[in-house]
> 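Quick one: the structure is below, and I'll ask about it shortly.
Counting starts at 1 for both ligands and their atoms, in listed order. Only a predicted model underlies this, so the values are computations on that prediction, with no experimental measurement involved.
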Amino acid sequence: VVVVLDVLRATTTIAYALQAGCRDIIPVEDISEAMRLADTLGKDRTLLCGERGGQKIPGFHLGNSPLEYTPQVVEGKTRLLTTTNGTRALVVAQGAEVLTGSFVNLSMVAARAVADERDLLLLCAGRESRFSLEDTVCAGGLLSRLPEGMYELSDAAVVAAALYRRHSDDLLGMMRASQHGRYLVSLGLERDLSVAAAVDALPVVGRLCEGKVVKA
Ligand code: MLT
């Protein structure tokens, strides 16, 4: 089982979209492919969504802020999603049993991840192929919710667990201090950090199934 984590903001927004009744989310790597798919699937049933440099892509319907994904906007629609790091991680993981996780659904994702008693890979999307604090802390939070002794931890997992213990009392502060968090704040998107820091706010888990993220 692979759990893809992109707390700021792709997997948080995926949870919001699913909770709001979005039919499915198709992760795509580039903008032109998303536009081509919108033409193929039909413009009335799809929404072009995503970001580059944190900002909504010109001509797209929605950016990557969780609170944009309300039932009025997304219910019954297919969301074509292209983001800088998160969708890339989802595309890479395709073929495995893939779940999407974030703080907003942490406990449910953990419960779902252990259900099959298989090996677990926590795939932190990171930032431009580099380490990101918020995804690693989220991985640590997920580890803290797994039954003790069920898994043998890698060194990276041990570090993630320690980082979670260090930051669990102030996840919002941790995100504000993180590189991508600071960048989003500089774009005026501080509210997205508060939304992303709300542990277990949503009772929904995403699962990648034949190239589409649907409710697990
Ligand atoms: C990404 O996939 O790189 C992120 O979700 C970026 C963002 O929307 O802030």
> At what distance is the nearest protein heavy atom to atom 5 (O) of ligand 1, and which residue and atom is it?
Arg9 N, 2.8 Å

> Please say whether Gly54 places an N or O atom under 3.5 Å from an N or O atom belonging to ligand 1.
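No.
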
> Say whether, by atom type as modelled, one donor and one acceptor occur between the side chain of Thr11 and the main chain of Gly101 under 3.5 angstrom.
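Confirmed, Thr11 side chain pairs with Gly101 backbone.
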
> Would you kindly say whether Tyr183 and Arg127 are connected by a side-chain donor-acceptor distance under 3.5 Å?
no

> Considering both backbone and side-chain atoms of Asp6, is one of its nitrogen or oxygen atoms within less than 3.5 Å of a nitrogen or oxygen in ligand 1?
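In this structure, Asp6 places an N or O atom under 3.5 Å from an N or O of ligand 1.
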
> Using a 3.5 Å cut-off on N or O atoms only, is Gly86 in polar contact with ligand 1?
yes

> What do we get for Thr13 next to ligand 1 when only non-hydrogen atoms under 4.0 Å count, side chain, backbone, both or neither?
neither

> Any side-chain to backbone donor/acceptor pair from Arg182 onto Ala177? Under 3.5 Å, distance only.
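Side chain of Arg182 to backbone of Ala177: a pair is present.
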
> Look at ligand 1 and say whether His180 reaches it with a heavy atom at a distance under 4.0 Å.
yes

> Among residues two or more places apart or on two chains, list those pairs meeting salt bridge (charged side-chain N to carboxylate O under 4.0 Å, His left out) that have a residue in residues 40-61.
Asp39-Lys43

> For ligand 1, note which part of Asn85 has a heavy atom under 4.0 Å away: side chain, backbone, both or neither.
both

> Tell me, yes or no, whether the heavy-atom count around Asp30 atom CG, taken from other residues, nucleotides or ligands under 6.0 Å, exceeds 12.
yes

